[in-house]
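Worksheet: one structure, shown below.
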Amino acid sequence: MSSLLKRISSFIYTPKEEVSVEEDQIPPQDVTIPDCNNCVSECDEHQTYPSYLQLDTDSPLLGSMSPYGRHFMISTAQCDWAERIEEDEGTLAAELHALIKADPMPWRTFITNTSHIPNHSTTVHCSMDIIILPDNIVVGNVTADDAQTIYEIFVKRPLPEEPVNIQKAFESVDLKEMGVYPNPYDSMILICSHRKRDKRCGITAPILNREFDHLS
């Protein structure tokens, strides 16, 4: 029995594929700080994660995710979504994902829903903002019906090699009722709160959010 289990184990084991890391993914040494799991002594100011959560604190984060060329962050003003947003029929995320899957770009395109409240979607009912990186722009007044337009104008755009001149880039483009604006944020920290995908995210996100608010 022991030898049989060893053979089965050898059969199902697959070594973890190493992900290559580009130089621009490595953070500068002057902005890194030592890891900190908790305070030296018990502290009422900083909430700890529940002990029942199984969290991997040993594996390196750097290189743990395949690089992608463009990131679409949809401002939904919600903090949780269907388990797989690409299968949530009728939503902008699902419609856009289907278009990209049918005709993908040479680079990886990443789509996420965010809890960000739309700031540029005021004239179209139930519309949303989309923050697009690395273009560093915000598209406002977007609905699920605009998925094809978003795909043609923004997904298929060549990846920028310099800051995007919004007026020059989109002056001859029919954006319908959508508008394009510069991203107002110099930097962004994204915290996963997608509880239906991973319960741990739904539990840790509020704690992380409070800590970042505390630091700011």
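The residues of the chain are indexed from 1 along the displayed sequence. Basis for what follows: all heavy atoms, side chains included, without hydrogens, waters or symmetry-related copies.
Qualifying side chain to side chain donor-acceptor pair (under 3.5 Å) partners for Thr123, counting only residues two or more places apart in sequence or in other chains: Asn141. Tyr181 meets the ring-ring contact (aromatic ring centres under 6.0 Å, His included) test with His120; sequence neighbours excluded. Checked against side chain to side chain donor-acceptor pair (under 3.5 Å), Asp186 has no partners two or more places apart in sequence or in another chain. Residues meeting the salt bridge (Lys or Arg N to Asp or Glu O under 4.0 Å) test with Glu177, sequence neighbours left out: none. The side chain to side chain donor-acceptor pair (under 3.5 Å) test applied to Asn209 returns no partner, not counting sequence neighbours. For the ring-ring contact (aromatic ring centres under 6.0 Å, His included) test, no residue two or more places apart in sequence or in another chain qualifies with His97. Lys156 meets the salt bridge (Lys or Arg N to Asp or Glu O under 4.0 Å) test with Glu152; sequence neighbours excluded. Qualifying side chain to side chain contact (heavy atoms under 4.5 Å, CB included) partners for Ala147, counting only residues two or more places apart in sequence or in other chains: Leu92, Glu95, Leu99. In this view, Arg210 satisfies the salt bridge (Lys or Arg N to Asp or Glu O under 4.0 Å) rule with no residue, not counting sequence neighbours. For Asn165, there are no side chain to side chain donor-acceptor pair (under 3.5 Å) partners, not counting sequence neighbours. Taking Tyr185 as the reference, His116 meet the ring-ring contact (aromatic ring centres under 6.0 Å, His included) condition, with sequence neighbours excluded.
Considering only heavy atoms from C-beta on, Leu96 stays 4.5 Å or farther from Thr109 through its side chain. When side chains are defined from C-beta on, Arg70 does not count as touching Phe110, because their heavy atoms never get closer than 4.5 Å. Counting only heavy atoms from C-beta outward, the side chains of Met128 and Thr76 approach each other to under 4.5 Å. Side-chain atoms of Asp129 and Val142, non-hydrogen and from C-beta on, never get closer than 4.5 Å to each other. Side-chain contact between Ile85 and Thr91 is absent, with no heavy atoms from C-beta onward closer than 4.5 Å. Counting heavy atoms from C-beta on, the side chains of Val164 and Asp135 come closer than 4.5 Å. Between Pro67 and Arg108 there is no side-chain heavy-atom pair separated by less than 4.5 Å.
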- Message: Pair Ile132, Val138 - check side-chain contact (heavy atoms from CB on, under 4.5 Å), show working.
- Response: CA-CA 6 Å; Ile132 305 176; Val138 181; over 6 Å; no
- Go through the steps for Leu190 and Thr114 under the test side-chain contact (heavy atoms from CB on, under 4.5 Å), then give the verdict. CA-CA 9 Å; Leu190 305 180; Thr114 76; 5.6 Å; no
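Inspection of the Thr149 and Asp146 side chains reveals no N or O donor paired with an N or O acceptor under 3.5 Å.
To the nearest 0.5 Å, atom CD1 of residue Ile74 and atom CD1 of residue Ile130 are 5.0 Å apart. Summarising the geometry, atom CG belonging to Leu175 is positioned 5.0 Å from atom CD1 belonging to Ile153; distances are rounded to the nearest 0.5 Å.
Sequence neighbours left out, the pairs with a member in residues 157-180 that pass ring pair (Phe, Tyr, Trp, His ring centres under 6.0 Å) are Phe154-Phe170.
Considering every non-hydrogen atom in both Pro118 and Ser127, the closest pair reads CG-O, 4.2 Å. Ile203 and Tyr52 make their closest contact through CD1-OH, 3.6 Å (heavy atoms, listed as atom of the first residue, atom of the second, distance).
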